[in-house]
Amino acid sequence: MQKESAIREPLILGHKTYKDITDDVVRPIVGPASLGWKIMITISSIVALYGIGSILYLISTGIGVWGLNKTVGWAWDITNFVWWVGIGHAGTLISAVLLLFRQKWRMAINRSAEAMTIFAVIMAAVFPGIHMGRIWLAYYVFPLPNQFGSLWVNFNSPLLWDVFAISTYFSVSLVFWYVGLIPDFATIRDRVTKPFAKKMYGIMSFGWSGRAKHWNRFEELSLVLAGIATPLVFSVHSIVSMDFATSVIPGWHTTIFPPYFVSGAVFSGFAMVQTLLLVMRKAYKLEDYIHVKHVEYMNIVIIVTGSIVGVAYLTELFISWYSGVEYESYAFINRFSGPYKAAYWTMMTCNVISPQLFWFKKIRRSLVATFILSIVVNIGMWFERYVIIVTSLHRDYLPSSWGEFIPTATDVGIFIGTLGIFLTLFLAFTRFFPVLALNELKTILKSSGESYKNEQVK
Amino acid sequence: MKKVFHVMYDDDEKLLVAARELVSKGIHVNEVYSPFPIHGIDPVIGIKRTRLAITSFMYAMSGLSLAVFFMWYTMISDWPMNIGGKPSFSLLENLPAFIPVSFEFSVFCAAHGMVITYLLRNGTLPGMPATNPDPRTTDDKFVMEITTDTNSMNAQDLESEIKKTDVFELSIKDVKES
Amino acid sequence: MANTKKYWSGLDELDGTDAFQEIQSKEFQEQIPVDKFLADEKLNSTTTGRRDFLKFMGFSLTAATLAACETPVIKSIPYTNKPPEITPGVANYYASSYYDGMDYANILVKTREGRPIFVKGNAATGIGAGKVNARVIGSVMELYDKARLEGPTKNGESTSWSDLDTAVSESINGNGRAVVLSNTIVSPSTRKAIESLGAEHIQYDAISYRALREAQAASFGVHAVPHYDFSKAKVVVSIAADFLNSWLTSTQFAPDYAALRNPNSGSQSKHFQFESVMSMTGTNADVRTMISPSEEGKVAAGILAVLKGGGVSNLDAKLSSRVRNAANALSGSKGKSLLIAGTNDLSTQTIVAAINQLLGNYGVTIDLERPSQAYRGDESAATKLIADMNSGKVSTLIIYGCNPSYDMPNAQAFNSGLAKVSTSVSMNGVADETASRSTFVAPDHHYLESWNDLSLRAGRIDLVQPTIEPLFNTRAAQESFLVWSSAENSDWYTFLRSQYNDAYTVDALYSDSDWNSAIHDGNMAGNDLSESPNYASPIETSLAERKVSEVKGGKMELVTYVKATAGAGQHAANPFLQETPDPVSKVTWDNYVTMSKSDMVALGLNTYIAQEDLATVVKVTVGDKQIELPAFMQPGQKPGTIGIALGYGRGSKGEKIGQAAYQSGEKGQHLLLDSGLPMPIGVNAFPLTSNSEGNTIYASYDVNVEATDREYPLACTQIHNTYMGRDSVVRETSFDSYLAEADKPKGKASWNMAHSLNVHDDTNHDGVIDARDKENTSEFDLWHSHPVKDVGHRWGMTIDLSTCTGCSACVTACSIENNVSVVGKDEVLRHRDMHWIRIDRYYASDYSLEKGEEEGVGVISSYGLMEDPAENPQTVHMPMMCQHCNHAPCETVCPVAATTHSNEGLNQMTYNRCIGTRYCANNCPYKVRRFNWFNYKGHSKFENVNPAHDSLARLVLNPDVTVRARGVMEKCSMCVQRIQSGKLEAKKAGTAINDGEIVTACAEACPSNAIAFGDLNDTGSQVRAISENNRSYHALEEIGVQPNVFYMTKVRNVDSNEA
């Protein structure tokens, strides 16, 4: 049983026993659904349905219902895709990277963060699908021999790399998440009384019984999974960024993209975690487990990644001038002075300036400020992708085909819709799944629990 | 006819101490059920380090080779095409384009292969019955399982030895030898 | 004996007993137990059990369901007996000719399985290599117009030919006055047919050149429009004559003009243009000067004065100097020059005639001995006719080949007069403005269904032959004339034929071989009656000069012009032409008021037009007439003048002239006027023209323009006008600097420097700085790439920017050849036009980054300023289509390998593999890929514009080219279907493919031979030669995509300081 210094702020407040932890986490699951939850899920599922409706309209009528045109072939679709994938990254990063670094504070947030990851990646996966002109032929992207035997996919295409990256990322984070859930499902299984629930959790817990040997394997597994998920999470957004980096379009053709996209992803991901957790801890009275210290830690990550992103923006500008390529330099001049400059400056303010406020401890530790800023950051990150995609496309090489992009109701509807679906899924998660990693929290109770620390001081 | 002792403790450290004592007395502890991993218990009750990590490495390697072979087969051997004038004459020339997929696929195989092995070796699969002796072991209680058949001591001695430790609750069952 | 033998069935028969007889009489010898069978109880008691009932129900339900689901019906008609000349899948070509009163061309008609699908120039035997323009190419579409009348009508009700004939011939032979009103008839036989009616014949032209004719008559005694020979004109001065697009029979001028524009010969013609509206011709001028219409005469007078050694009077200094330059250039090449004027004002034309006489151009570049037979219309006669009609003096009016109710300046008066004519007959194919107002419509064949002979100039007869059986119950107009004149033999073909062989009888079709070869060639020699003009007779110009000097211009002047697409209105219902962007403004589906930026700013109008930036509607008042049209900012428009295109606003009373002639809304429905009638495209500007001295004047010197608060969307395919100083896109130079370095090797001349990699560093990372590091970007490879040179074919294209006039014939040709979807105004407005080839039109800007540095303006604001074209900009037309890059960025990014490179250098699309990610289009530096946003052939939004919707119009589609599905990417294929068939032909013949045997639709259509197509690996090919010429370059060479399309630096015949 390793101890930690008593001066370090406790991660679990109040005098908690193992039982209290179990009770606190299982209470919302066994207890009746709160009114607030019911209201929220109704709203979010209505929004979700609207989104699904828009998607059906799109698929039945044609991509023409979006505002795209001969010059701008991607806009909101791929913007949303990149945005959602980015958000996804926080979960894996928290559970994998922080695990490798033995960051105990991750244990309070990793479960819900991973859940968010999975739902975000599902949302992300929607867009590459529906942005296809002929989605009913989507299976062409899998390396299946076609009816004539030998027409394979094109492994040179970054879009195909995406297919592999996203599917790997999704499935791996899914199993990572689930493997961690199994013991907690077992806990719930042994607590719930309703026979149906008991049966369901029984099935979901795979008959886990907490044998020493299993725990031994469990810890090994988590460690190794973390070990391979870490390069994975970096590779995924690098590959997404290669969709742009490997092209010839000025503003896309940029070697800085992989690190730039990854840090941007972590940045937006942590912001989304903040947004969700700050609500969740109140709603489910988890203030003792997710408290200011956790928020502060995450804010620190946000400052760091936010600053990296800021540096990336400036580097881009510098290089566009330094390269001396007229198309390159025009592309960036056009970004901040052209028809879409509003988007560019929104991005700059939200992503570069706003996170710097976290240098102030007061703001860093203020829940309200954090909540607002986390939303601001995600707005900013959406605009980053929009700026990269649309402003680079709308004015590329031949001025004759310089154009414009004007979103339609369907563009907006689908984006809002995915937010709805995402929220619905997350709400369902908080209702039926253990939102904290029980078994992990219990292991740190003695080392980082407030009461135990006090005993040490005595 | 054997006796099964389910010794329950209300704290992981108590269990650890007790386990040490009993083992020192040459008592063999069959199994420990706990709501979370008790660090340091494995050597005490003689659990060897798992070899899961090695399997995952093997899965990764096989995934890698499979991916590379497949891409070589489709892009270079089976149906080579002139795509943007890029070289498709030999694997080496075309390799840079294959790196991302190779990596992703090895990770894919490593992760899933390992998880499947883990579940199979544990025997934890969808719908399996729970085998923990007491539901509280997934909450805040810790149970040690000791049986007569794996111990030279007789039941009484065992019981008395166990009683010496800081037991929270002790249940003794008679189980038919199978 | 044997045959007498008798056999008995038995003794009974032998004896013939009664029993035997009885049995014989019965049918059955024994009783058959029928009653026993019927008596079976089970039969009566059988009932339908539940199971049976369900079975039957199930069956009938299934049957009903099956019957309900409709299987797609594919109409296909087999050749039960195949015509000898038709082989399914093999095209037949027929020589024919096109004349619609405006355009004249020798054409080849491509037919597939008996239906005409493509019209191209008759290169073999045509006048001027049989070049055609967009309007002629597009005309094939009109054959399949659903709006065509299916038979004769009386007061809008269909009637029979016999009834119509009796009524009409009675009326003609009655004692009233009968008149035939037509456009200029250039067909000798048709003229005869009309004469045979014995009725008075009046001709008028929608676009009249009467003044030009009158001037020739007055000066040289030949009452005709002269023939102009641009192939000899080293200096061309045009005063508002759009001779490449609409002036006279322009199809004949473009090739000759272009031939002299190519600087490779070491000489280049010089072209001055004085005009108000930026015309297509004006964009090609070396020196373009903006003048008001009221100054046209003064400019002519000025030139004359200078030639006579005088000075220019009543013109401002700048203009005078321009006039002096032009005059000097003219006098510099006497007898090898041309001065032409577009105006229909007699005084100006007289002065012009005098100048050309002075220059000795008559007999050299201007020919009156064999003048043009076209444009003999006499609007003064027409005006008199209208008066007579209104005073009820005309009892029969036969209207042929024209649409006076629409295109006469005084159409109102004509219509009221038409109502007073007891028997009016229109021969138009559709119930247009005139036909719908006439008592009878005797619909004429479409020209692709009819016989005719045309003679544009003495000495040559061009033949029109039918290429398809008449689709409807129509009748050749000439036949109608013959019928009404009650000629004994009223068969039009017989009549036509007997003009060239008196002995010809109807039953000897194709009797003599000369005639057959004439039909095959599409023309034959006609009897050569040349005129005898007196070129020397002195011309008195003082009166004319006084008149032009007296012309006063108002504060705002109007010029009407004719667009390259809709013509004078005859093509209003043609979706292909409506969607072809105007060569200058790039606006589709509309006409508008062209204005200079300064005037628009003064009136506070929107100058930037885009998807959601609408044009302001202005009210134009000419005398008592008013029209409202959106204003469009046109660089090069003389401030103080506006321009409006004629030929729009067809069918303003909802006449049935074709679906595509009316505006379709976002859902594809026809937009309606407040009156509930469908909203026509644009507004008719003919009412704004006026008549003076018996000539229709297409300009007016004092109009009023005021802004309204209405806004109107204009669908423009190019919303950015300058090329932002990107000289690796467009390369141009002046003629003298070209000559200075004309002999430099490719890539070395200052005006066409090749992009090379930096020498100072080792760019291929082999550690040594060697020749490879100094390679041109176009040659350099990072990797060992697929071989393209000298392996089999490598199809390529070359485009000469010096000779491309921007006429857009290639765009129309490509669209029809490749079944390119017509998407309609709303989609074009959303920047989703589908053209595989487009013509990028760039205006020069006064500003540049260098200038910005000098003036200390920051880079950012200099870029801003560079977006504005100059007030009177130089213009470049750059045809842009798929460049078929050897290192194609689009191919690399396609996840499913739907676009790959053929081993013949083609960048090919596999439609049925495409999943529509649009990544390729994004990654295309030339933005030439087009995406099928909707199911164009099925979606209701396109039912009024897209030919594939209607079973008749669908016949125009090319069976060799797939109609693309929704959600797939498409682009220029370099007419791969033509390449394949060409290769097949060569294979069958067992020969190599000779250069020029395979031609793409665009190269074929190009009137100025700017586009050439061929095999770059064929050392003898034209494209190979051009690609090695030192003017040739790759667009965006430095990004290293290595295209197979070469452009040739544009050379302007200006001094380097002017350029």
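On a predicted model such as this, the values are computed, not experimentally measured, just so you know. Lettering of chains follows the sequences in order, A, B, ..., and the numbering in each one begins at 1.
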message = Suppose a student defines contact as a heavy atom less than 4.5 Å from any heavy atom of chain C. Which residues in residues 82-118 of chain B would they list?
response =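 The residues closer than 4.5 Å to chain C, in numerical order, are B/Asn82, B/Ile83, B/Gly84, B/Gly85, B/Lys86, B/Pro87, B/Ser88, B/Phe89, B/Glu93.
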Residues in residues 1040-1048 of chain C that sit under 4.5 Å from chain B, counting heavy atoms only =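 Listed by number: none.
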ask   = Using a heavy-atom distance cut-off of less than 4.5 Å, which residues of residues 884-904 of chain C contact chain B?
value =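 So far as heavy atoms go, C/Asn886, C/His887, C/Ala888, C/Glu891, C/Thr892, C/Ala897, C/Thr900, C/His901 are the residues that approach chain B to under 4.5 Å.
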ask   = Is the number of heavy atoms from other residues, nucleotides or ligands under 6.0 Å of C/Arg1024 CZ greater than 12?
value = yes
message = Can you tell me if B/Phe70 has over 12 outside heavy atoms packed within less than 6.0 Å of its CZ?
response = yes
request  = Using ring-ring contact (aromatic ring centres under 6.0 Å, His included) as the criterion, list what pairs up with C/Phe1013, not counting sequence neighbours.
outcome  =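 With neighbours one apart ignored, the set is C/Trp795.
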